[in-house]
Novice: 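There's a structure below that I have some questions on.
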Amino acid sequence: MSTVPVEIRQGGPDTLVIRWADDIEHAYNVFDLRCQCPCASCVDELTGVRRLDRSSVPPDIRPRNIVSVGNYALKFLWSDGHDTGLYSFRLLRDLAELLRGGA
């Protein structure tokens, strides 16, 4: 399983598509991605318990910008102003399976 993205693109108004080096392509619902933010504001650093309440995320959430962080992560600037989460490529690849089953 590759954790190297070769293409990142918008797949629709609420979808982000990532194609990986092993030619697997995943479509991510951006609302679900926002709800899975791994930052310390959204997940307790000591317990790992998610702090972010899905009902507090606007249903029309969108990434305003996506920035590559080194060779290992993406950082999103979300339309709700949140921008502290680093989504490692490994996390994004793992989330593809998790979100497919319903987040």
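Excluded from the calculations below are hydrogen atoms, water molecules and symmetry mates; all remaining heavy atoms, backbone and side chain alike, are included.
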Novice: Are any of the side-chain heavy atoms of His26 and Arg93 separated by less than 4.5 Å?
Specialist: yes

Novice: Could you go through the side chain to side chain contact (heavy atoms under 4.5 Å, CB included) check for Leu16 and Ile66 one step at a time?
Specialist: CA-CA 10 Å; Leu16 178 74; Ile66 303 171; 3.7 Å; yes

Novice: Is there a donor-acceptor contact under 3.5 Å from the side chain of Ser56 to the main chain of Asp53?
Specialist: yes

Novice: Is the CD atom of Glu7 crowded by more than 12 outside heavy atoms at less than 6.0 Å?
Specialist: yes

Novice: How would you list all residue pairs meeting ring-ring contact (aromatic ring centres under 6.0 Å, His included) that involve residues 43-71, not counting sequence neighbours?
Specialist: none

Novice: Which heavy atom in Val6 sits nearest to a heavy atom in Ala21, and how many Å separate them?
Specialist: CG1-CA, 3.8 Å

Novice: Please evaluate residues Leu52 and Val57 with respect to the criterion side chain to side chain contact (heavy atoms under 4.5 Å, CB included), reporting the C-alpha separation (whole Å), side-chain torsions for both, the decisive distance (0.1 Å), and the verdict.
Specialist: CA-CA 8 Å; Leu52 178 65; Val57 176; 3.9 Å; yes

Novice: Measuring from Arg90:CZ to Leu95:CG, what's the distance to the nearest 0.5 Å?
Specialist: 12.0 Å

Novice: Taking Gly70's backbone N and O only, do any of them form a donor-acceptor pair with Ser68's side chain (distance below 3.5 Å, no angle check)?
Specialist: yes

Novice: Give the minimum heavy-atom separation between Trp20 and Ser2, together with the two atoms involved.
Specialist: CE3-O, 3.9 Å

Novice: Minimum heavy-atom separation for Cys42 and His82, please, with both atom names.
Specialist: SG-NE2, 3.6 Å

Novice: Parallel, tilted or perpendicular: which describes the rings of Phe76 and Trp78, with under 30° parallel and over 60° perpendicular?
Specialist: parallel

Novice: If you take all heavy atoms of Tyr72 and Leu86, which pair is closest and at what distance?
Specialist: OH-CD1, 4.0 Å

Novice: Assess whether a salt bridge exists between Asp32 and Arg54, defined as any Lys/Arg side-chain N lying under 4.0 Å from an Asp/Glu carboxylate O.
Specialist: yes

Novice: Assess whether salt bridge (charged side-chain N to carboxylate O under 4.0 Å, His left out) is satisfied between Arg34 and Asp80, documenting all intermediate values.
Specialist: CA-CA 10 Å; Arg34 171 63 182 92; Asp80 66 356; 3.1 Å; yes

Novice: To check you understand the geometry: which heavy-atom pair defines the closest contact between Cys39 and Thr84, and what is its length?
Specialist: SG-OG1, 3.1 Å

Novice: Locate the shortest heavy-atom distance separating Ile61 from Phe31; write the atom from each residue and the value.
Specialist: CG2-CA, 3.6 Å

Novice: Please examine the side chains of Pro38 and Leu91, heavy atoms only from C-beta on, and report whether any two atoms are closer than 4.5 Å.
Specialist: yes

Novice: Within the 4.5 Å heavy-atom criterion, are Val17 and Ile8 side-chain neighbours or not?
Specialist: no

Novice: Where the side chain of Arg62 meets the backbone of Val30, is there a donor-acceptor pair that is under 3.5 Å apart?
Specialist: no

Novice: First locate atom CG of Asp94, then atom CG of Leu99, and finally report the distance between them rounded to the nearest 0.5 Å.
Specialist: 10.5 Å

Novice: To the nearest 0.5 Å, what is the distance between CD on Gln36 and CG on Leu98?
Specialist: 5.5 Å

Novice: Do Cys37 and Arg51 have side chains that get closer than 4.5 Å, going by heavy atoms?
Specialist: no

Novice: Looking at Leu92, is its backbone amide N or carbonyl O close enough to the side chain of Tyr28 to form a donor-acceptor pair, meaning the two atoms are under 3.5 Å apart?
Specialist: yes

Novice: Is the shortest distance from a Lys or Arg side-chain nitrogen in Arg50 or Asp44 to a carboxylate oxygen in the other one below 4.0 Å?
Specialist: no

Novice: About how many Å separate CD1 of Ile18 and CG of Leu74, when rounded to the nearest 0.5 Å?
Specialist: 5.5 Å

Novice: What's the separation between atom SG in Cys35 and atom CG in Asn29, rounded to the nearest 0.5 Å?
Specialist: 8.5 Å

Novice: Tell me if a side-chain donor or acceptor on Ser88 pairs with a main-chain N or O of Ala73 at a distance below 3.5 Å.
Specialist: no

